[in-house]
Amino acid sequence: MHRNRKHLYLWAGAAILGLAWAGIVGAVSNPQLPASPTLYRMTISALFPPPSFPQDNPLTEEGVALGKKLFFDKGLSSDGTVSCATCHRGNDAFADSLHAITPGVAGEVGRRNAMPLFNLAWRRGFFWDGRTTVIREQVFHPITDPKEMNQPVDGLMNRIAKDPGYKKAFAAAFGTKPITSATLGLALEQFLLVQISQDSKFDRARRGETTFTQQEERGLELFFTEYDPGRGIRGADCFHCHGNTLFTTERFANNGLDAGDGKDLGRFEVTGREYEKWCFKIPSLRNVELTPPYMHDGRFRTLEEVIEHYDHGVKESRTLDPNLAKHQGAINLSPEDKQALIAFLKTLTDEAFVKRAKEQESQAQKP
Amino acid sequence: MWFMVLAPWLLANIASAGEVALPVRHSFGLQQLRFHEPLVLTTGSLVELSRLEYLISNVRLVRADGSSVTLVDQYFHLNPLEEKSSLNLEKVPDGTWHELVFDVGVSKETNHLDPARWPANHALNPLECNLHWSWQGGYVFMAIEGSVPPDKGVRQTFLYHVGTDSNLANICVGLPADTPLAQTEIIFHVDRIWNGPSKLSPLEGGGLTHSAAGDTLAPRIVRNVQRSFEARKRAP
């Protein structure tokens with residue numbers, strides 16, 4: 001791999017700056033902090049670009065703990081059967097490997113696959129269509145969606161405000177400020193922002209702590225190489241959309257699932273731009289092994305099916321991404337190369353992250 | 001009393017001292033550039049652009065006597081589709097300027113720095129510009145993507161990803177006389193990508209270049225891009 005450098009920096013320093021800022025600005029308008037908050041400490045890989053943490057929501061142990069309590073609480077749904085973690089399971093890198101579309105309250109089914117939740121500080125839009133860009137706002141979409149948690153905000157806040165456990169947790173996180181939907185959103189935002197996946201075999205290899213097998217190396221080569229047979233170059237061209245350290249460009253693309261006849265219009269439903277019809281968020285491929293089924297509608301159960309799609313199943317339509325359109329239908333990878341690509345994709349699995357996610361889940365389920 | 005009247009004016013001007021927003025207008029022939037719509041080249045060929053993104057750096061302002069000021073560490077990501085079409089220059093000294101010189105792309109040194117060093121909204125942050133080429137290091141200096149409208153039902157795409165150190169395009173444009181920089185605009189004649197010193201068809205070289213070693217299309221595009229910019233006095 002390219003670099004042996006191992007350099008992690010503490011986010012705490014930036015968090016301190018954030019707190020100082022909050023102290024100055026918030027003293028006048030909106031403190032939202034207890035008297036003695038505990039800074040949330042975490043390390044971020046130097047291989048990642050600097051994250052964009054919201055300056056008006058400094059990360060604290062108390063805020064993250066409250067966010068965790070909320071995330072795993074089925075009481076956030078109208079009938080007490082669905083929590084955020086129902087669709088975003090710790091075991092699946094906070095995706096749902098059990099369903100193409102996760103049922104919500106009373107078995108109601110929406111239309112899109114639950115996206116995994118990690119590295120959200122780098123995310124530039126949430127949901128498959130990017131309809132929100134701020135986590136504290138995003139969290140209310142599933143809570144209030146009739147086909148997910150179906151919980152009106154007023155009813156939710158009435159319930160939370162009466163709960164002694166929540167009263168204590170909100171006081172610890174936000175001091176004397178009243179319990180509101182705004183502080184609830186901030187707490188969930190804090191919990192989600194600290195879910196960082198950065199220690200896969202790929203990362204360890206880049207730090208020089210392990211090496212790839214020959215098959216994984218071949219997969220990496222295919223992943224990061226163009227498909228340009230006219231010049232004798234026959235890569236798999238994955239990097240155009242998934243090429244940086246986060247394995248997503250954070251943009252939207254039509255990846256040829258349908259021939260211009262898909263009922264779900266994707267990003268177009270948000271922007272109204274014709275050229276964004278059937279375009280969906282390009283997801284990160286980190287932990288992709290753990291997050292089946294794949295695509296916005298969960299149509300592919302396995303990585304093999306996904307590779308087959310990109311190999312020879314891409315359908316032409318007027319908004320198809322040019323990087324796929326140039327393949328003109330097929331790239332015809334050999335069976336060995338397909339397996340090599342999958343072997344490389346599995347190096348993006350972060351076992352430590354999943355272990356942590358499962359621990360959080362079991363801690364939250366304790367009475 | 002006079003101070004109270006002048007104070008708002010003084011504060012506004014002190015705050016913006018040295019900052020000049022230089023808009024870049026993207027034209028196509030005599031028209032404004034449009035994406036996802038057929039555009040006619042002088043050869044009669046039709047193209048539809050879906051992406052035009054590029055990096056500008058190493059901006060230098062030259063006086064009539066040849067002396068100049070380089071705006072160090074100022075990088076710009078331009079993406080007219082998303083209305084990112086301005087060079088927001090900082091630390092511009094007062095003066096009368098004769099020429100504007102800049103690079104489309106970044107210097108060799110910058111090109112090979114660790115991309116993880118750039119803050120979230122910096123032009124060179126890979127998530128901000130989407131122009132970093134992790135597979136061979138360095139940046140795509142200019143990405144031009146689109147298609148030729150269907151002939152017999154088959155859409156043919158072109159993708160020009162111009163990068164690598166040797167394809168840095170140095171641009172020099174004369175500035176309009178008697179016009180403050182703040183009243184100037186840059187015009188990028190996008191059609192000249194195909195219609196410059198090198199005459200190119202949209203599907204030249206299979207419509208693909210990734211600027212790999214030995215590729216001849218990328219240097220020809222660079223030569224055309226070098227003749228594609230001009231500066232004019234902004235319309236009132």
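Remember, predicted model here, so these are calculated numbers, not experimental data. Every heavy atom of this structure was used, including side-chain atoms; hydrogens, water molecules and symmetry mates were not. Residue numbers start from 1 in every chain, and the chains themselves are labelled A, B, ... in the order their sequence lines are given, proteins ahead of strands.
Of the N and O atoms on the side chains of B:H77 and B:N130, not one donor lies less than 3.5 Å from an acceptor on the other residue. Looking at B:D103 and B:S57, their side chains never bring a donor and an acceptor atom within 3.5 Å of each other. Looking only at atom types and distance, the side chain of A:N255 has no donor-acceptor partner in the side chain of A:D321 under 3.5 Å away. A donor atom on one side chain and an acceptor atom on the other are found under 3.5 Å apart for B:Y75 and B:T110.
Heavy atoms closer than 4.5 Å to chain A are found nowhere in B:S147, neither backbone nor side chain. Contact annotation for B:L159: only side-chain heavy atoms (C-beta onward) come within less than 4.5 Å of a heavy atom of chain A. For A:R251, the part sitting under 4.5 Å from any heavy atom of chain B is the side chain, from C-beta outward, and nothing else. There is no contact between A:T271 and chain B, counting heavy-atom distances below 4.5 Å. Proximity to chain A is limited to the side chain of B:N125, based on heavy atoms less than 4.5 angstrom apart. Looking at B:E37, neither its backbone nor its side chain comes within 4.5 Å of chain A, counting heavy atoms on both sides. B:H161 touches chain A through its side chain: at least one heavy atom from C-beta onward sits under 4.5 Å away, while N, CA, C and O do not.
Taking the six-membered ring where tryptophan is involved, the planes of B:H210 and A:H240 are tilted, since the angle between them lies from 30° to 60°.
Considering only heavy-atom pairs separated by less than 4.5 Å from chain A, the leading option among B:L127, B:T157, B:V140 is B:L127. Counting heavy-atom pairs closer than 4.5 Å to chain B, the top residue among A:T245, A:L320, A:I233 is A:L320.
Judged by the 6.0 Å and 45° rule, A:R131 forms a cation-pi pair with A:F127.
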Could you check A:I282 against A:H242 for side chain to side chain contact (heavy atoms under 4.5 Å, CB included), going step by step and ending with a plain yes or no?
CA-CA 8 Å; A:I282 296 168; A:H242 299 282; 3.3 Å; yes

